[in-house]
Amino acid sequence: PAENFAIKTGTHPALTTAKNIKNMRKQIQSLGFSYDWDREVVTSDPKYYKWTQWIFVQLFKHGLAYEAFAPINWCPSCKTGLANEEVVNGKCERCGTVVTKKQIKQWLVKITDEKYIERLLHGLDKLDWPENIKHLQRNWIGRSEGASVKFKLEKADEYIEIFTTRPDTLFGATYIVVSPEHPLVHKITTPEQRRAVGKYQIEATRKSDLDRTDLAKEKTGIFTGAYAINPANEKKIPIWIADYVLSTYGTGAIMAVPAHDERDYAFAKKFKLPITQVVAPLFENTTDLKVRMDLPIETRRLIYGIVRNPKDNTYLCLDWPDQSWGSFVVGGIEDTEGPVDAAEREILEETGFKNLKFVSEVEWQVHTKFFAPHKNENRYGIAVGVVFDLLDQRQDPVSEEEKKKHTVRWISKSKVRDFVTHRNAKFIWDNYLHPSAFSGDGVMVNSGKADGMDSVKFKEVIVDKLDALTCKDKKTCLIVHGIGGHDQENWFPWLKKELVKNCWEALVPSMPETDHPSLGLWNDFLKKKSIQINEQSVLVGHSLGAPAVLNYLQLTGTKVDTVILVAPTNPLQHWESLKKDFAQADWDAVKKMSDEKNFNWKKIQRLAKRFIIIHSDNDPFVPVESISFYKERLPSAEVYLFSGKKHFSKSNGDMTSFPEILKFFPMQSAGASRTVNYKLRDWLFSRQRYWGEPIPIIHCEKCGNVPVPEEDLPLELPKVKKYEPTGTGESPLASIDKWVNTKCPQCGNKAKRETNTMPQWAGSNWYFLRYCDPKNEKLLADPEKLKQWLPVDLYVGGAEHAVLHLLYARFMYKFLYDIGTVPKECGDEPFTKLKNQGLILGQDNQKMSKSRGNVVNPDDVIKEYGADAMRMYEMFMGPFEDAKPWNTNGIVGMSRFLERIWQWGNTIVSLLAKGDQRVLVQNEGRKRILHQTIQKVTEDIENFRFNTAISQLMIYFKEVTVQGKVLAAEFLMTKEEFEIFLKLLSPFAPHLVAELWEKLGHQDMVDFEPWPVAEASHLQVSEISVAVQINGRVRDQLTVPAEASEEAVLKLALASDKVQKWLGGKKPKMAKYIKGRIITIAV
RNA sequence: GCCGCCGUGGCGGAACUGGUAUACGCGACGGACUUAAAAUCCGUUGGCCGCAAGGCCGUGUCGGUUCGAUUCCGACCGGCGGCACCA
């Protein structure tokens, strides 16, 4: 805003900012807030932003700040990029212009980094923050668990990976949709479709987010011409492009399940794509039987209830009872049809129900009275039935009592679909309504072997068992380990899992089953498990498993597809070291198996179509030389030599970070795995504006992006005359050659400075750290000082910061904690307790805004009523955290109250000045109310209940001043009493109290006085007033001794005339005294 | 649409873990002071019936739990806020 204003008026933003700060400081001071101005910081001051830049450099060095060429929200009016958070309803938060998109190279901060995102989420649990704010943040982070599934393309050796939270509906995925920006689009589009697809892509980028996300709009999309294979049922499904799929969420691609997702449903309807239902709603128990009322009359009577009887697993079909139609009419048509007929029965049986029992209409009569349309046409009746007697085939009627339990509930039209009671009744589904998709849980149908399984359960198993459910002609992979078993613990299970996902039958004989890897005894293992190794199979041998695999091939003469030797050991070559390292091995067997004489290499070579040797030049156990041994003997083998420590960092077996190995397995289907996705996007950390902190990065052709050396910070903004946005998307800084051109700090060659600046948030998300040590020139802040102050005990701010500032600040703090800037003692959460002050609305109960003309200027209020009245009235208006409308009339009450205190105080002061030392005779009642007030005000302040604290001060003042006769000559308050009252008042009305305090002759300020303490001895009461309740109604008041026993009090109560009157001579059934509260009597 | 929060006099709002609903303030009405008005001070103020004593009804609606519900439970109605094609 400062920059916008500066551009408009032609003054430098530094000047306007300074002016605004001055003005704001004056306003704050005029309200009497006791801030420590010595610690004031200004985020646009180079002394401050030196450290913002320093933080950025650290983020960069830790790989958390990155440059990306990505579409950004672009405000055509402000000519600047906007963070997602700055876009409200598709419009620019600042100027209200509709936001479009632009491709610009951006700096982003990786707040979605694995290392932080879960901590940002779970860190909330232990914080003392308002629940709604925590909820908002969790929502914003938007964690959702699901599965990522790879769909193989029909014609290319490529996969499209999708994310879904409903893997259980995989069988119902009838097409795939990718976002227009998806990287595979150009690859998969067929020549015939290329033109149309290109056109659609261009249209999509032109569309603003507002257009794209307008839910009312019809779905748009285009077919790519390509197909993918649904790994569940191996069906060929088309791949479409549509902008209802967001490129920024998940993988930018979805499997569309139109039967169970509203968006997919709408899309499928429009483009006439197939809809397959795979989850059937089911009501396990009878109490939930619901009736769908939005079906056409002729359909409605068809079937309206299917209930599973858990006892014998039969299904009960409930036909619509004729009699019921008499009781209500929908759409003016009365039903005249009879019970289930043969045709209907057929439809039902088509749906896959095996054990159907039809319940006659007679048994249903009892329910009919519960069905009725609502007076509101959009609502439908739901019968909560008594089907348990139907399950039991009970004939006797339902008792009155039972009937009473059943009520008619009304639900909105849109919810009706959740209560669809037919199951897989395709006829109804296709021909009538199906107004939208059913997205609930139920029972699997049309899902191969999973049919009949609970969908929630299926969701759990499908990801792991994708193969077992679907894969035909499974390929077998036999993985043979070497000596030592590292591989078994580490990468074999990983490899096995990966293969299983891809429809492989992966076998890893464990040590006890084979005795020893090298013995080839896994022959027995194969026999035992009756596993067939055939031409489709792949054999993998690791280390000493490699010669074992070859031995097996030769002995059995089995032909296989591929043999993969991973870091194969040549035992003959390093016999001695092997013997030393693995003393327990059966060396005779190994020797026999791997004896050179046993191998007929030519024969072996014929048995596998393909030999692959994988090795690392960094394997501590298997020297690279052994590769040449195998390569010499198996000339057709392909050798892949990986280098680098990463593959073998833990042991000779840890290959989990070796995903390349998967390339050598032909995938017949695609895989699935559990994944987590987040709605949260990375933090856009650059703006194309002048007024911000320069991003301390230098672009060097040779070295790439190099941070400005820390000793050169701060990197100050150059003083310029023009700072209007260029409009091209570039920062105004880009046109200042003198500033842009520089030398690379690493190689000294010519280089260019980054010209984007940091956003406002950058500096204001860590200021509380700087408050601890605002003038430190060597460090961001002295760790000792941080230890002393942090974390922030209480953070008061507006709820509008719930997700922006508070999330970013938490991220920055966690980062600084991780790199040690924030000492460990401070913890990794910056704000222990958070309170949101409520917004003060305009008199019209609307947010204050210039355009509405309902703005109340505090300066004016202070001028008229004074700062104390203003402060106190704001506090008195209502609960601290609630929004409430301002009412200028109300402030006069507060003004009067303060006025009276002032008059009263002056009276006391003048009496004291006259030497009048009259002191009121000590009265227990006065003492009590004083101490009650001390107690209540103290407690209320601690709990942010300022409104009731002030109310108590008013009660006290009224009580102890003689009926408001302020100027009465009687001196009714001792100096001591008055001073205690002033102390209690001082946080609320500091100016008034300071003045009176001085008049009372004090040298020091009241602020340094200790806070009054309520003394228990003065709070005790000897007698209390207790109400007497007879049958729950208050009938009398009794004054009883505070410590009286129940017995004594009840005796007193029963002696009262009024009580006797209400008892009317009857004996009480029950009489109790809840001590100090109430006497209750029941007759 | 989804999620979250909230419904108490003419108004802002009190009522602690279920225990005398409407504290405190504003407004309104009546009175005192004043030639008059303002300011100040005193009193009344949930609704209905009643001369009165007193009674009945009352915390969005309906129902439940309880000796007793603004408070707890269920359903509904209304309002506010957040997110919004998040798969």
Of A:Ile275, A:Thr169, A:Thr164, A:Asp168, the residue whose pairing with A:Val257 passes side chain to side chain contact (heavy atoms under 4.5 Å, CB included): A:Thr169
Nearest-Å distance, CZ (A:Arg138) to C1' (B:G4)? 12 Å
Interatomic distance, A:Phe946 CZ vs B:G25 C1' [rounded to whole Å]: 18 Å
Considering residues, nucleotides and ligands other than A:Glu800, do more than 12 of their heavy atoms fall under 6.0 Å from its CD? yes
Any N or O donor-acceptor pair linking the side chain of A:Lys219 to the base of B:C85 at under 3.5 Å? yes
A:Arg1033 has an atom CZ; how far is it from atom C1' of B:C56, in whole Å? 8 Å
When only distance counts, do a donor and an acceptor, one from the side chain of A:Glu899 and one from the base of B:U40, lie under 3.5 Å apart? no
Whole Å only: how far is the CG atom of A:Leu953 from the P atom of B:G25? 12 Å
Return the value, rounded to whole Å, for the distance between atom CG of A:Leu246 and atom C1' of B:C83. 14 Å
Who passes side chain to side chain contact (heavy atoms under 4.5 Å, CB included) against A:Lys270, sequence neighbours left out? A:Glu218
Decide whether A:Ser179 and A:Tyr249 meet the rule of one side-chain donor and one side-chain acceptor closer than 3.5 Å. no
For a quick test of reading the model: is some side-chain N or O of A:Arg896 closer than 4.0 Å to OP1 or OP2 of B:G25? no
Over 60° means perpendicular and under 30° means parallel, so tell me whether A:Trp683 and A:Tyr808 are parallel, tilted or perpendicular. parallel
On a whole-Å scale, what distance lies between the P atoms belonging to B:G31 and B:G79? 43 Å
Under 3.5 Å on both distances, the Watson-Crick or G-U partner of B:G68: none
Once each nucleotide of nucleotides 14-19 of chain B is scored for protein heavy atoms under 4.0 Å, what B/S/- sequence comes out, 5' to 3'? S-BB-B
Sugar-phosphate only, base, or nothing, as touched by A:Gln1037 at under 4.0 Å among non-hydrogen atoms: base
Have a look at A:Arg1035 and say if it touches a base, only the backbone sugar-phosphate, or nothing, with a 4.0 Å heavy-atom cut-off. sugar-phosphate
Non-hydrogen side-chain atoms of A:Thr112 and A:Tyr678 separated by less than 4.5 Å: no
Centroid-centroid distance, A:Phe267 to A:Tyr175, less than 6.0 Å: yes
With sugar-phosphate meaning primed atoms plus P, OP1 and OP2, does A:Trp1062 contact a base, only sugar-phosphate, or nothing at under 4.0 Å between heavy atoms? sugar-phosphate
As its Watson-Crick or G-U partner within any shown strand, both distances under 3.5 Å, B:C80 has B:G4
Side chains of A:Phe880 and A:Asn943 in contact at under 4.5 Å (non-hydrogen atoms): no
Does B:G25 have its OP1 or OP2 closer than 4.0 Å to a side-chain nitrogen or oxygen of A:Arg900? no
Reading RNA chain B from 5' onward, which residue's closest nucleotide shows up sooner: A:Ile891 or A:Val1034? A:Val1034
Between B:C67, B:C24, B:C26, which one does the side chain of A:Met954 approach most closely? B:C24
Please report the distance, rounded to the nearest Å, between CG in A:Asp243 and C1' in B:A87. 15 Å
Would you measure the distance from the P atom in B:C42 across to the matching atom in B:G47 and give it in whole Å? 23 Å
When both distances are under 3.5 Å in a Watson-Crick or G-U wobble arrangement, the nucleotide paired with B:G50 is none
I'd like a table of atom pairs between the protein and nucleotides 5-11 of chain B - only N or O on both sides, under 3.5 Å - with the distance next to each one.
none

How long is the line joining CD1 of A:Ile840 and P of B:G12, in whole Å? 14 Å
Distance check, C1' atoms only: B:U8 and B:A23, in whole angstrom units. 13 Å
Taking the C1' atom in each of B:A21 and B:G68, what is the distance between them to the nearest angstrom? 14 Å
A:Glu1023 and A:Thr1039: side-chain donor and acceptor closer than 3.5 Å? no
When the P atoms of B:G7 and B:U71 are considered, how many whole Å apart are they? 10 Å
Please give the nucleotide sitting opposite B:C41 as a Watson-Crick or G-U wobble pair, both distances under 3.5 Å, or none. B:G31
Identify whether any heavy atom of A:Lys884 sits under 4.0 Å from a base atom; if not, whether one sits that close to sugar-phosphate; answer base, sugar-phosphate or nothing. sugar-phosphate
Report the distance from atom CG of A:Leu136 to atom P of B:A84, rounded to the nearest whole Å. 11 Å
So, does A:Ser144 get its side chain near the phosphate of B:A87, meaning an N or O under 4.0 Å from OP1 or OP2? yes
Quick one: classify the glycosidic conformation of B:G9 as syn or anti, with syn meaning within 90° of 0. syn
Derivation and outcome, side-chain contact (heavy atoms from CB on, under 4.5 Å), residues A:Glu864 and A:Ile891: CA-CA 10 Å; A:Glu864 194 161 353; A:Ile891 199 173; over 6 Å; no
Distance between the C1' atoms of B:C33 and B:C41, in whole angstroms? 8 Å
A:Pro885 side chain: which of B:C67, B:G12, B:A87 is closest? B:G12
Using Watson-Crick or G-U wobble geometry with both distances below 3.5 Å, tell me the partner of B:A23, or none. none
Considering only atom P, compute the distance from B:U44 to B:C80 and round it to an integer number of Å. 39 Å
For B:A28 versus B:C11, give the span between their P atoms, rounded off to a whole number of Å. 15 Å
Would you indicate which nucleotide in B:C3, B:G25, B:C24 comes nearest to any side-chain atom of A:His135? B:C3
A:Gln837 side chain near A:Lys835 side chain, heavy-atom distance below 4.5 Å: no
Mate of B:G18 where both pairing distances stay under 3.5 Å, Watson-Crick or G-U: none
Atom CG of A:Asp1057: over 12 foreign heavy atoms under 6.0 Å: no
Both A:Phe163 and A:Asn139 contact RNA chain B. Taking the nearest nucleotide for each, which residue is further toward the 5' end? A:Asn139
Rounding to 0.5 Å, atoms CG (A:Leu1050) and CD1 (A:Ile1079) come to a distance of 6.5 Å
